[in-house]
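Accompanying notes for the structure given below.
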Amino acid sequence: MRTDGSVEVAASKCDHGWVSVDDLAEELQIPKSTIYGWKSRGAGPQWVRVGKHLRARRTTVDTWLNSLNGAA
């Protein structure tokens, strides 16, 4: 609780820097099956399983994308 009288407003969307398969597919404008194919071949960003969901850290995705251009 703040003591200065101001009110802290929570963000409407909780974003902790994680990307879902859906998010990445939409961002890259590719089918989700392509991402799952990369994962099964050990390509693409590193994914973490959270329950039944796959997530990748935004920083990991950005590093991987930059490496495709040789800009890492």
Subject >> Ring centre gap for W64 and W38 strictly below 6.0 Å >> reply: yes
Subject >> Interatomic spacing from CD1 in I35 to CG in D22 - rounded to 0.5 Å >> reply: 8.5 Å
Original post:
Would you say the side chain of L65 lies within less than 4.5 Å of the side chain of L68, judging by non-hydrogen atoms?
Top reply: yes
**OP:** Indicate the atoms forming the closest heavy-atom contact of A25 with P31, along with that distance.
**Re:** CB-C, 4.3 Å
Subject >> Neighbour count above 12 (heavy atom, 6.0 Å) for R57 CZ >> reply: no
Original post:
Taking atom OG1 of T34 and atom CG of L28, what is their separation to the nearest 0.5 Å?
Top reply: 9.5 Å
Original post:
Between NE2 of H53 and OG of S20, what distance do you get to the nearest 0.5 Å?
Top reply: 10.0 Å
Original post:
What's the spacing between D62 CG and S67 OG if we round to 0.5 Å?
Top reply: 11.0 Å
**OP:** Taking all non-hydrogen atoms of both residues into account, name the closest pair between R55 and W18 and its distance.
**Re:** CB-CE3, 3.6 Å
Original post:
More than 12 non-hydrogen atoms from neighbouring residues, nucleotides or ligands closer than 6.0 Å to CD on E26, yes or no?
Top reply: no
Subject >> V19 backbone acceptor or donor facing D23 side chain under 3.5 Å >> reply: no
Subject >> Test item: R58 side-chain N/O and V61 main-chain N/O as donor-acceptor pair under 3.5 Å >> reply: no
Original post:
Sub-3.5 Å donor-acceptor pair from the side chain of T60 to the main-chain atoms of A56, do we have one?
Top reply: no
